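Okay, structure first, notes after.
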Amino acid sequence: MKPSLPQGTRDFSPTELRRRQYILGTLRQIFECYGFQPLETPALEQLSTLMGKYGEEGDRLIFKVLNNGLHTSKKKDELNEEWARLLESPYSTPAITERALRYDLTIPFARYVVMHQHELAFPFKRYQMQPVWRADRPQRGRYREFWQCDCDVVGSTSLLQEAELLCIYQSAFEALGIPGVHIKLNSRKLLAALAEACGAADKMMDITIALDKLDKIGWTGVQEELMRMNISESGIVVIGNIIHIKGSPDELLAQYEQHLGHFETGRQGIDELRSTLSYHSVLAESSWHPQLKLDISLARGLNYYTGVIMEVTTDAVKMGSIGGGGRYDDLTGLFGVKGLSGVGISFGIDRIYDVLDELGLFPESLGSGVDCILLNFGNADEQYALSILKSLRAAGISAELYPEAAKFDKQMKYANKRAIPFVILAGESERKNGMLSLKDMHIGEQKLLSLSDAISFLTTNKS
RNA sequence: GAGGCUGUAGCUCAGUUGGUUAGAGCGUCGGAUUGUGGUUCCGAAGGUCGUGGGUUCGAGACCCAUCUGCCUCCCCA
């Protein structure tokens, strides 16, 4: 048979995986630096844990797992009935499926917090980097299996959390060296006030979705969408006035206050953004390049966000967002625990990979993973090489010996292809003098060294 | 969930209105070269033309189905 992969899934070659690990490692270091702790949850969750948490569209995209042993079931009639219903319409039933693949990392996190609430110290700060699955149609930058990398705080309403998450975003994209990064900031409360201001408080979701397309379809396109949603003409004018305000974040907030400050939610949203920015200005390094931008047209898809929301894009590459997040006031409420507020951000590492790849921003030193290779000259020389190999490894230098006394140029070509930075030649003449020849494959230079000199050289020069 | 495009060697692609034995470059392997890679020269291997049906004297090419990749909508990371 001819092997193939399921749609929308990928293998990761050694080079790709090193690069992915470079991204994850960079992020992990930052998360740890900000006091977040690692967490992993199972690939499988109870379907009931996931259903209804991501909206109608989300439910459709959850990968469901067929129950085992259906053929041994005693309730054939019930199964047939349920199966018939399932063939008619989107429907799921525990009789046929009661487990599903994780759709994101936030809901499993909420589930975890609820199940372990008595052993956790709140505020609980965790990061999680694992694959998630969606039965979506694959496209460029969109996969059925992809990784999410989340960092959330639960159990604190302080806007210091929002400010710290903004810092994490900035410092992460600074460390990865991605140019043209913008972190857009908005508040669900501002959007709610906006809906109120145009007399359609109940249509906040619709307005938000239309507004989110501003970048894509322009103001005229958004106007058409709004009209289709039966937003009044005066309402559309109000929205138009507000989204066209320009200026620094402080200026924008002052303007928004004029327009929306008399609504309770509007005032709250503005105050929250002000506090967030004020904490942030104290914490942030002035050298960070990623720019903060207030953008009232930013929506964010998930319907559990309630406060500040954020999204990261880069204008260096044509690509959707590479990160996003926000505050969700009552996430664990879905699982029966009220009053725990959460706020978190997510990194789209598959897309970040594509951006780094496209811009050639991966460090060259990710290389082969091994510092040096010993060529094999056979017999007594092989024995000599083995003793060197052992010493190198004991000194913490990663090393390998070519396994056969193959022809010289074959061994060299192998080293070259693997991009191993150093080659050690220890043949008859070296062995008789108790020395070794160390060749730097980048510059092509070779020198005769004692083992201890070689070790200290490699220790300082290895990648 | 809706609509559209695509698939030929490991990779990137040629292949005329349907007509003998399907080609190139790169890569791979062997040799020039048994202690020196990245350059060069010579040679070789590698294809049930995505898969399954159909039309035809004859299909890589045309038709249908299916799978994959990609694009638009929807939605999202």
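Here the structure is a predicted model, which is why all the values come from computation and not from measurement. Quick note: numbers below take in every heavy atom, side chains included, and nothing from hydrogens, waters or symmetry partners. Chain identifiers are assigned alphabetically (A, B, ...) following the order of the sequence lines, protein sequences preceding nucleic acid strands; residue numbering begins at 1 within each chain.
Atoms CD (A:Gln139) and P (B:C75) sit 13 Å apart, rounded to a whole Å. In this structure, the CD atom of A:Glu311 is 14 Å from the P atom of B:C75, given to the nearest Å. As rounded to whole Å, 9 Å separates atom P of B:U36 from atom CG of A:Asp409. The CE atom of A:Met412 sits 9 Å away from the P atom of B:U36 (whole-angstrom rounding). Separating the CG atom of A:Leu61 from the C1' atom of B:C74 is a distance of 10 Å, rounded to the nearest angstrom. Across the protein-nucleic acid pair, A:Tyr414 atom OH and B:G35 atom P stand 20 Å apart, rounded to whole Å. Rounded to whole Å, atom P of B:G37 lies 14 Å from atom OH of A:Tyr402. Across the protein-nucleic acid pair, A:Ile443 atom CD1 and B:G38 atom P stand 18 Å apart, rounded to whole Å.
Mapping A:Asp136 and A:Gly8 onto RNA chain B by nearest heavy atom places A:Gly8 closer to the 5' end of the strand. Mapping A:Arg140 and A:Glu430 onto RNA chain B by nearest heavy atom places A:Glu430 at the nucleotide closer to the 5' end.
Within 6.0 Å of CG in A:Asn433 there are more than 12 heavy atoms belonging to other residues, nucleotides or ligands. Other residues, nucleotides and ligands place no more than 12 heavy atoms under 6.0 Å from the CD atom of A:Gln29.
As the counterpart of B:U34, no nucleotide is assigned, since no Watson-Crick or G-U wobble pattern has both distances under 3.5 Å. Here B:U66 sits opposite B:G50 as a Watson-Crick or G-U wobble pair (both hydrogen-bonding atom distances under 3.5 Å). Nucleotide B:U72: paired with B:A2 (Watson-Crick or G-U wobble, both distances less than 3.5 Å). Partner assigned to B:U12 is B:A24, using Watson-Crick or G-U wobble distances below 3.5 angstrom. Remark: B:G60 base-pairs with no nucleotide; criterion is Watson-Crick or G-U wobble with both hydrogen-bond distances under 3.5 Å. When both pairing distances are held under 3.5 Å, B:C29 makes a Watson-Crick or G-U pair with B:G43.
Here A:Ile209 lies in heavy-atom contact (under 4.0 Å) with sugar-phosphate atoms only. Residue A:Gly323 is classed as a sugar-phosphate contact, given heavy-atom separations below 4.0 Å to backbone atoms only. When heavy atoms are screened at a 4.0 angstrom cut-off, A:Ser346 is found touching no nucleic acid atom at all. Residue A:Phe347 is classed as having no contact, given no heavy-atom separation below 4.0 Å to the nucleic acid. Contacts of A:Gly324 with the nucleic acid, taken as non-hydrogen atoms under 4.0 Å apart, are absent.
Contact check, A:Gln7 against B:U68: a side-chain N or O comes under 4.0 Å of OP1 or OP2. Side-chain N/O atoms of A:Lys410 include none lying less than 4.0 angstrom from OP1 or OP2 on B:U36. For B:G35, neither phosphate oxygen OP1 nor OP2 lies less than 4.0 angstrom from any side-chain nitrogen or oxygen of A:Lys407. Note on A:Lys417: a side-chain N or O is less than 4.0 Å away from OP1 or OP2 of B:U28. Considering only side-chain N and O atoms, A:Lys213 lies under 4.0 angstrom from the phosphate OP1 or OP2 of B:C75.
Of the candidates B:G35, B:A77, B:C75, B:A77 carries the atom nearest the A:Tyr143 side chain, counting heavy atoms from C-beta on. Here the side chain of A:Leu425 is nearest to one of B:G37, B:C76, B:G35, namely B:G35.
Ring to ring, A:Phe347 and A:Phe173 are close: their centroids are under 6.0 angstrom apart. Note: A:Tyr103 and A:Phe63 fail the aromatic proximity criterion, with ring centroids not under 6.0 Å apart.
Only the P atoms considered, B:A14 is 9 Å distant from B:G7, to the nearest whole Å. With C1' as the reference atom, B:G58 and B:U21 are 16 Å apart, rounded to whole Å. Across the P atoms, B:C76 and B:U51 are found 38 Å apart, a figure rounded to whole Å. When the C1' atom is used for both B:G1 and B:C75, the distance is 11 Å, rounded to whole Å. Rounded to whole Å, the P atom of B:C63 lies 16 Å from the corresponding atom of B:U56. With both ends at atom C1', the span from B:U16 to B:C62 equals 16 Å, rounded to whole Å. A gap of 12 Å separates the P atoms of B:A59 and B:U20, to the nearest Å. Using C1' as the reference atom, B:U8 and B:G23 are 10 Å apart when rounded to the nearest Å.
The base of B:C75 has none of its N or O atoms less than 3.5 Å from a complementary donor or acceptor on the side chain of A:Arg137. Side-chain atoms of A:Gln411 stay outside donor-acceptor range of the base of B:U36, with no qualifying N/O pair under 3.5 Å. No N or O donor and acceptor, one from the side chain of A:Asn416 and one from the base of B:G38, sit under 3.5 Å apart.
Between A:Phe36 and A:Arg126, the closest side-chain pair of non-hydrogen atoms is not below 4.5 Å. In this structure the side chain of A:Val343 reaches within 4.5 angstrom of the side chain of A:Leu165, judged on heavy atoms.
The existence of a salt bridge linking A:Lys189 and A:Glu272 is confirmed by a sub-4.0 Å separation between a basic side-chain nitrogen and an acidic carboxylate oxygen. With respect to A:Glu57 and A:Arg60, a salt bridge is recorded, a charged nitrogen being found less than 4.0 Å from a carboxylate O.
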